[in-house]
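Values below: all heavy atoms of this structure, side chains included; hydrogens, waters and symmetry mates excluded.
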Amino acid sequence: MTPAARVSAAIAILADLEVRRRPVNDALREWGQTHRFAGSRDRAAVATLVYDALRRRASAASLLGGDSPRAVVLGMLRLGRGLEADDIARLFSGERFAPEALTADERGRLEAPPPDMSAPAAGDFPDWLEEPLTRAFGDDLIAEMQALADRAPIDIRVNTLKTSREALAEALAHLSPETTPLAPDGLRFHVDADGRGPALQAEPEFIQGLFEVQDEGSQLASRLTLAAPGEQVIDLCAGAGGKTLALAAQMDNRGQIYATDIDAQRLAAIHARLERSGARNVQLRVPRGRYDPVRRPEVADPLADLAASADLVLVDAPCTGTGTWRRNPDAKWRLRPGALKERMNDQAVVLDRAAGLVKPGGRIAYVTCSLLPAENDDAITAFLERHDEFSILSAEDVCRQAGLPDLAPCATAAGGLLLTPHRTETDGFYVAVLSNGTTGAAG
């Protein structure tokens with residue numbers, strides 16, 4: 001496919017998304033199935049154009065004076081990729097497979113300086129989130145949101161149960177890895193202009209369980225739990241097991257991790273990952289269906305025997321995922337206020353459940369991939385009001401004990417930590433560690 005044909009394809013896919021209101025991955029998959037002449041590089045390039053357009057949808061629409069798929073792609077090429085009007089005109093030539101030629105108005109807007117934009121337009125986020133995001137970031141709002149609109153690198157976590165970062169970096173030298181700036185067990189890879197990164201999961205080292213694909217922010221969040229060898233740990237929202245595996249390595253296979261989730265289907269991927277990793281201190285507690293003591297009392301609690309027993313309960317809470325917009329830019333335009341309210345209710349329920357599992361002197365590590373105070377500081381403040389036996393450990397102490405003192409400036413008003421692409425070059429993550437009593441931190 002020519003570059004112009006790729007642009008035409010991206011506009012068509014964006015138009016499909018407008019009409020059918022579905023996840024972008026579904027639209028891209030269908031386009032690939034119906035355009036089998038497109039090679040893997042073409043499919044990657046088209047997908048990257050679509051994702052980049054979604055990243056810059058609001059600012060591109062402001063530049064072009066409209067939010068049609070064509071206008072958004074034009075604005076993205078100017079603002080996101082830095083193409084000049086003449087470069088864009090060569091793609092929009094009206095020739096075979098190319099989009100129609102630029103109008104005089106389009107060319108004028110592409111040649112003019114960008115207009116003054118509202119914060120949501122300049123930062124490319126939904127209008128209704130301006131107040132909570134301003135509360136989170138203040139004067140840094142636009143810089144934070146623009147960083148969240150950039151492409152993300154590909155990070156992996158070295159499985160220290162089987163190898164070292166140095167040894168794995170040498171084994172993957174043909175892929176030019178870099179060490180992650182903050183996570184001690186991470187390596188980083190960058191994508192090319194067409195959005196293609198290395199096929200890491202085809203590497204023998206992945207098949208052997210020497211690493212897992214995991215954003216550096218998620219790796220740091222696992223470290224900030226302060227999980228230590230010999231502890232009894234419950235991963236209450238284990239899902240596919242990314243943090244479970246990180247904790248197993250952090251604990252050097254000593255102690256015990258009970259990994260569970262309210263929905264058995266979410267645990268489906270964890271079985272093969274555990275086997276590949278060599279983690280031997282993980283016990284799965286799989287509910288017989290979806291665990292919900294109110295709506296589905298017939299489903300037994302898989303953790304009924306673990307009340308008040310855990311040194312650490314990890315609550316990797318269900319959330320809006322606003323911190324993952326670098327990787328899922330379509331999600332920010334599909335997010336609605338009702339979803340936020342639902343997630344806040346879920347977070348309160350899972351935190352209260354965690355409180356009953358922590359022994360005196362133990363702790364809860366509350367983690368979200370959200371940037372919204374309602375899901376972060378507010379959730380912790382409300383929990384502490386409901387459970388006065390708990391207190392929050394200072395962010396500075398948590399960072400010091402985790403061996404991550406450089407993260408201390410990321411402390412929030414309530415005492416949690418907020419990682420962001422702008423501050424830490426990671427996805428957005430919030431972490432707060434709560435002690436049941438006065439001695440909850442691991443040494």
Side-chain angles (χ1 to χ4, degrees), residues 22-23 25-26 157 159 201 206 209 212-215 218 221-222 225 227 231-251 253 255-321 324 327-328 331 339 341-358 364-370 375 379 429:
R22 55 179 175 158
N25 283 340
D26 292 348
R157 179 186 56 80
N159 180 9
Q201 293 179 334
F206 176 79
E212 288 285 340
V213 178
Q214 186 177 33
D215 177 72
S218 184
S222 299
T225 67
E231 288 193 318
Q232 299 291 301
V233 176
I234 298 173
D235 187 349
L236 201 51
C237 309
K243 292 186 179 66
T244 302
L245 295 171
L247 294 180
Q250 188 171 321
M251 295 166 64
N253 258 340
Q256 184 70 58
I257 302 172
Y258 299 94
T260 191
D261 205 289
I262 62 168
D263 191 341
Q265 293 184 354
R266 294 178 186 168
L267 294 165
I270 197 173
H271 300 272
R273 297 178 78 185
L274 283 170
E275 184 175 355
R276 189 171 62 238
S277 73
R280 300 188 304 274
N281 65 333
V282 178
Q283 182 181 135
L284 294 180
R285 294 292 184 94
V286 182
R288 300 296 183 181
R290 184 180 178 87
Y291 174 69
D292 186 331
V294 175
R295 297 182 181 88
R296 303 190 66 183
E298 73 279 6
V299 178
D301 183 354
L303 304 177
D305 60 323
L306 298 178
S309 68
D311 296 291
L312 166 67
V313 177
L314 169 59
V315 177
D316 191 6
C319 69
T320 56
T324 68
R327 302 177 193 278
N328 305 298
K341 293 178 181 178
E342 185 176 343
R343 295 289 81 78
M344 290 166 60
N345 290 334
D346 293 341
Q347 290 148 13
V349 169
V350 73
L351 274 168
D352 288 344
R353 186 183 180 201
L357 295 167
V358 179
I364 296 171
Y366 177 76
V367 179
T368 74
C369 52
S370 174
E375 300 185 274
F429 278 93

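In this view, Thr368 and Asn376 satisfy the side-chain hydrogen bond (donor to acceptor under 3.5 Å, both in side chains) rule, not counting sequence neighbours. Checked against side-chain contact (heavy atoms from CB on, under 4.5 Å), Asp352 has the following partners two or more places apart in sequence or in another chain: Phe383, Arg386, His387. Remark: Phe206 pairs with Phe211 by the ring-ring contact (aromatic ring centres under 6.0 Å, His included) rule, at least two apart or across chains. Qualifying side-chain contact (heavy atoms from CB on, under 4.5 Å) partners for Val286, counting only residues two or more places apart in sequence or in other chains: Ala264, Leu267, Leu284. In terms of the salt bridge (charged side-chain N to carboxylate O under 4.0 Å, His left out) criterion, residue partners of Arg290 (sequence neighbours excluded) are, by chain and number, Asp263. Looking at residues two or more places apart in sequence or on another chain, you find a side-chain hydrogen bond (donor to acceptor under 3.5 Å, both in side chains) between Asp26 and Arg29. Taking the salt bridge (charged side-chain N to carboxylate O under 4.0 Å, His left out) definition, one finds that Asp215 meets it with Arg326, Arg327, sequence neighbours left out. Gln283 meets the side-chain contact (heavy atoms from CB on, under 4.5 Å) test with Gln256, Tyr258, Arg285; sequence neighbours excluded. In terms of the side-chain contact (heavy atoms from CB on, under 4.5 Å) criterion, residue partners of Glu342 (sequence neighbours excluded) are, by chain and number, Asp346. Remark: Ser277 pairs with no residue by the side-chain hydrogen bond (donor to acceptor under 3.5 Å, both in side chains) rule, at least two apart or across chains. Applying the salt bridge (charged side-chain N to carboxylate O under 4.0 Å, His left out) test to Glu212 and every residue at least two apart in sequence or in another chain returns Arg273, Arg276.
Between atom CD of residue Gln347 and atom CE of residue Met344 there is a gap of 7.5 Å, rounded to the nearest 0.5 Å. Considering CZ of Arg343 and CD of Glu375, their distance stands at 8.5 Å, rounded to 0.5 Å. Note that CG of Asp235 is 4.5 Å distant from CG of Leu314, once rounded to the nearest 0.5 Å. Arg353 CZ to Tyr291 OH: the interatomic distance, rounded to the nearest 0.5 Å, is 5.0 Å. Interatomic distance, CG of Asn159 versus CG of Leu245, reported as 7.5 Å (0.5 Å rounding). From Leu247, atom CG reaches atom CD1 of Ile257 across 5.0 Å, with rounding to the nearest 0.5 Å.
Residue pairs meeting the salt bridge (Lys or Arg N to Asp or Glu O under 4.0 Å) criterion with at least one partner in residues 239-250, sequence neighbours excluded, are Lys243-Asp316.
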Discussion item. Applying side chain to side chain contact (heavy atoms under 4.5 Å, CB included) to Gln232 and Leu312, what does each step give before you reach the verdict?
Written reply: CA-CA 7 Å; Gln232 299 291 301; Leu312 166 67; over 6 Å; no

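Nearest heavy atom pair, residue Asn281 against residue Gly255, reads CB-O, 3.3 Å. Here the closest non-hydrogen pair linking Leu357 and Val313 is CB-CG2, 3.9 Å. Minimum interatomic distance between Gln214 and Ser222 (heavy atoms only, all atoms of both residues): NE2-OG, 4.3 Å. Taking all atoms of both residues into account, the shortest heavy-atom contact from Thr324 to Gly321 is OG1-O, 2.8 Å. Taking every heavy atom of both residues into account, Ala249 and Arg157 meet most closely at CB-NH1, 3.9 Å. Residue Ser218 comes nearest to Phe429 through the heavy atom pair N-CE1, 3.4 Å, listed as atom of the first residue, atom of the second, then distance.
Looking at heavy atoms from C-beta onward, Val350 lies in side-chain contact with Cys237 at the 4.5 angstrom threshold. For the pair Val315/Val367, no side-chain contact is recorded, criterion being any heavy-atom separation below 4.5 Å from C-beta on. Residues Asp311 and Val233 fail the side-chain proximity criterion, which asks for heavy atoms closer than 4.5 Å. The closest side-chain heavy-atom distance from Ile234 to Leu303 is below 4.5 Å.
Between the side chain of Asp261 and the backbone N or O of Arg266, no donor-acceptor pair lies under 3.5 Å.
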